[in-house]
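When a residue number appears, it is its place in the shown sequence, counting from 1. None of these values were measured; they are calculated from a predicted model.
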Amino acid sequence: LLSLAALTTGCITARKQSEVDGVLRDVGFSEADARCLATRAGRQLTVRELRSLQRAASAMQQPVREMPVGDVIDAIRDNVDPQTLSIIGGLAAECAQQRQQAGAQ
């Protein structure tokens, strides 16, 4: 029973990671950044939090880099709660630090 629960949890986490990766790439994140964030977010975010990120991504008509800053902020503010933003901010900082360490080597 414990093995089945562990296996199921692993499958759910992998699916969540895949979904986050796709959403992040859709809004303009690089492949490496999306992969890094997705790996971490898939383990830490709830399904509800992930859905809020998907809604925000859907509200963006083009990649983030091509949108006015105000439009990006509106899409995020209208769809993502502050706690989820805090988690994503922390995860992004971890990924940026990892990238800097890799670049220094």
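Asp81 contributes atom CG, which lies 8.0 Å from atom CD1 of Ile87 (distance to the nearest 0.5 angstrom). Interatomic distance, Leu37 CG to Gln44 CD, rounded to the nearest 0.5 Å: 10.5 Å. The line from OG1 of Thr46 to CZ of Arg51 is 10.0 Å long, rounded to the nearest 0.5 Å. Note that the CZ atom of Arg77 and the CG atom of Leu85 stand 11.5 Å from one another [nearest 0.5 Å]. Taken from OG in Ser86 to CG in Leu91, the straight-line distance is 9.5 Å, to the nearest 0.5 Å. Asp21 CG to Thr39 OG1: the interatomic distance, rounded to the nearest 0.5 Å, is 8.0 Å.
Of all non-hydrogen atoms in Ala41 and Val20, the two that sit nearest each other are CB-CG1, 4.1 Å. Closest approach of Ala75 to Ala56, counting heavy atoms only: O-CB, 3.7 Å. Nearest heavy-atom pair, Arg40 versus Cys36, reported as atom, atom and distance to 0.1 Å: NH1-SG, 3.0 Å. Closest approach of Ser52 to Val80, counting heavy atoms only: O-CG2, 3.6 Å.
For the pair Asp33/Arg99, a side-chain contact is recorded, criterion being any heavy-atom separation below 4.5 Å from C-beta on. No side-chain heavy atom of Glu49 sits less than 4.5 Å from a side-chain heavy atom of Ile88. Put simply, the side chain of Met60 reaches to within 4.5 Å of the side chain of Val72, judged on heavy atoms. A 4.5 Å side-chain heavy-atom check between Arg43 and Gln17 finds at least one atom pair inside the cut-off.
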